[in-house]
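The basis for the numbers below is simple: all heavy atoms, side chains too, and nothing from hydrogens, waters or symmetry mates.
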Amino acid sequence: SSASLAPNRTSHMRTLLRPVPRRAFCTVLRKMGVGDKPQVLLAASGVHTPTVVRDLTSALYNLGGSVAATKKVVLGDHYSILMSIWLPDKDDPVEAAASLREALAQDFSVPSTNLTLIPLDGGAGTSGAISGEVVTRRLQVSCPQKPGVVLAITRLLQDHGATTSHMEAGTSSKAGTIWFELECIVELSPQMIDEVANQLTFWGESAGAILNFDQSPFLTHMPLSHA
């Protein structure tokens with residue numbers, strides 16, 4: 001019986017290994033080289049479908065491009081994704097964004113999806129960077145939900161020259177009360193660690209929050225969700 005299954009298996013493998021058809025605009029796919037930087041930031045959001053990433057990357061493949069980095073979140077029925085994209089032979093980020101926009105218009109069609117393409121300037125977005133040595137800390141906050149929690153935390157951090165990244169938050173119901181939970185990575189100067197820790201503790205006590213500010217890795221256990 002195994003012999004009779006062999007032709008079917010062979011046929012299936014041929015289907016899986018069949019090359020993806022390429023457009024005439026990219027005859028040889030080129031890898032990113034050392035020193036190559038992504039030229040375009042793609043932001044997409046809309047009603048979530050299981051195939052959205054596949055369809056986006058298929059259109060990108062047809063253009064000969066590569067995903068340099070990506071982040072995706074799903075909240076309820078909606079998704080949001082960021083992709084930094086590198087395209088071969090496109091030194092001008094504006095030209096790269098225009099080429100990608102044209103390719104997506106032809107090859108990507110997902111209803112209720114909003115797309116934004118931003119040309120990346122290598123020097124952009126560095127004005128707020130921390131100068132000198134930078135350390136990271138993980139901040140976890142759990143407190144009864146009320147307006148202004150994120151504002152209070154981010155304002156406190158900004159007042160001490162700190163920035164946040166990899167932030168996730170959600171709400172849940174506990175004993176009849178809605179609780180707000182947040183986890184993020186904080187980047188700050190080593191000289192500000194104790195002061196920020198003290199200020200966060202003071203705020204946490206006034207807000208009735210359970211708060212951790214330490215060097216443990218960012219290992220959020222909560223999905224992006226709402227109560």
Side-chain angles (χ1 to χ4, degrees), residues 32 34-45 67-75 78-86 93 116 118-172 174 177-227:
M32 291 182 68
V34 176
D36 286 338
K37 298 183 181 300
Q39 308 100 322
V40 183
L41 179 68
L42 180 149
S45 62
V67 176
T70 186
K71 294 283 186 180
K72 177 188 176 186
V73 295
V74 177
L75 181 58
H78 290 76
Y79 81 95
S80 182
I81 188 168
L82 290 174
M83 282 185 182
S84 58
I85 296 170
W86 174 80
T116 302
I118 304 171
L120 292 176
D121 182 350
T126 60
S127 58
I130 304 171
S131 59
E133 184 183 358
V134 176
V135 294
T136 61
R137 292 293 184 271
R138 183 187 66 160
L139 173 62
Q140 281 186 306
V141 177
S142 179
C143 64
Q145 191 280 329
K146 64 179 180 179
V149 173
V150 177
L151 173 61
I153 294 171
T154 53
R155 179 179 288 170
L156 185 156
L157 294 173
Q158 184 181 13
D159 287 347
H160 292 82
T163 60
T164 59
S165 62
H166 302 286
M167 180 181 288
E168 293 192 13
T171 52
S172 59
K174 298 179 181 178
T177 300
I178 301 299
W179 279 71
F180 179 78
E181 297 180 348
L182 176 145
E183 183 177 357
C184 66
I185 294 298
V186 179
E187 300 174 352
L188 71 168
S189 167
Q191 291 76 21
M192 299 306 299
I193 294 175
D194 291 340
E195 176 64 18
V196 169
N198 291 335
Q199 290 293 321
L200 285 170
T201 298
F202 178 80
W203 171 85
E205 291 174 350
S206 65
I210 301 169
L211 188 148
N212 291 311
F213 185 59
D214 54 32
Q215 299 185 59
S216 56
F218 183 81
L219 294 173
T220 183
H221 62 276
M222 55 186 174
L224 284 176
S225 61
H226 48 79

4.5 Å side-chain heavy-atom contact, Glu183 and Met167 = no
query = What pairs with Asn198 under side-chain contact (heavy atoms from CB on, under 4.5 Å), at least two apart in sequence or on another chain?
reply = none
key: Test item: His160 and Leu188 side chains (from C-beta on) under 4.5 Å apart, heavy atoms   = no
pair Glu187-Thr136: side-chain heavy atoms closer than 4.5 Å = yes
key: Within-4.5 Å side-chain heavy-atom neighbours: Leu211 and Leu139   = yes
query = In Å, rounded to the nearest 0.5 Å, how long is the span from CD1 of Ile185 to OG1 of Thr163?
reply = 11.0 Å
note = With sequence neighbours left out, the residues meeting side-chain contact (heavy atoms from CB on, under 4.5 Å) with Ala69 are Ser84
message = Is there a side-chain contact between Leu82 and Leu42 in this structure, where contact means two heavy atoms from C-beta onward sitting under 4.5 Å apart?
response = no
Close side-chain approach of Phe213 to Arg138, heavy-atom, < 4.5 Å = no
query = Mind checking whether Val141 and Ile153 have side chains closer than 4.5 Å, heavy atoms only?
reply = yes
ask   = What pair of heavy atoms forms the shortest contact from Val135 to Pro190, and how long is it?
value = CG1-CG, 3.9 Å
Result block: side-chain N/O donor-acceptor pairs under 3.5 angstrom for residues 199-208, not counting sequence neighbours:
{"residue": "Gln199", "atom": "NE2", "partner": "Glu195", "partner atom": "OE2", "Å": "3.2"}
{"residue": "Thr201", "atom": "OG1", "partner": "Ala197", "partner atom": "O", "Å": "2.9"}
{"residue": "Ser206", "atom": "OG", "partner": "Trp203", "partner atom": "O", "Å": "2.7"}

Side chains of Leu182 and Val149 in contact at under 4.5 Å (non-hydrogen atoms) = no
ask   = Can you name the nearest heavy-atom pair linking Leu151 to Thr154, along with the distance?
value = O-OG1, 3.3 Å
query = Can you list the residues that meet the side-chain contact (heavy atoms from CB on, under 4.5 Å) rule with Ser142, with sequence neighbours excluded?
reply = Lys174, Trp179, Glu181, Ile210
message = How close do Pro93 and Val40 get, counting heavy atoms only, and between which atoms?
response = O-CG2, 4.2 Å
request  = Please name all residues satisfying side-chain contact (heavy atoms from CB on, under 4.5 Å) with Gln158, sequence neighbours left out, ordered by chain then number.
outcome  = none
request  = Using the test salt bridge (Lys or Arg N to Asp or Glu O under 4.0 Å), find all partners of Lys72 that sit at least two apart in sequence or belong to another chain.
outcome  = none
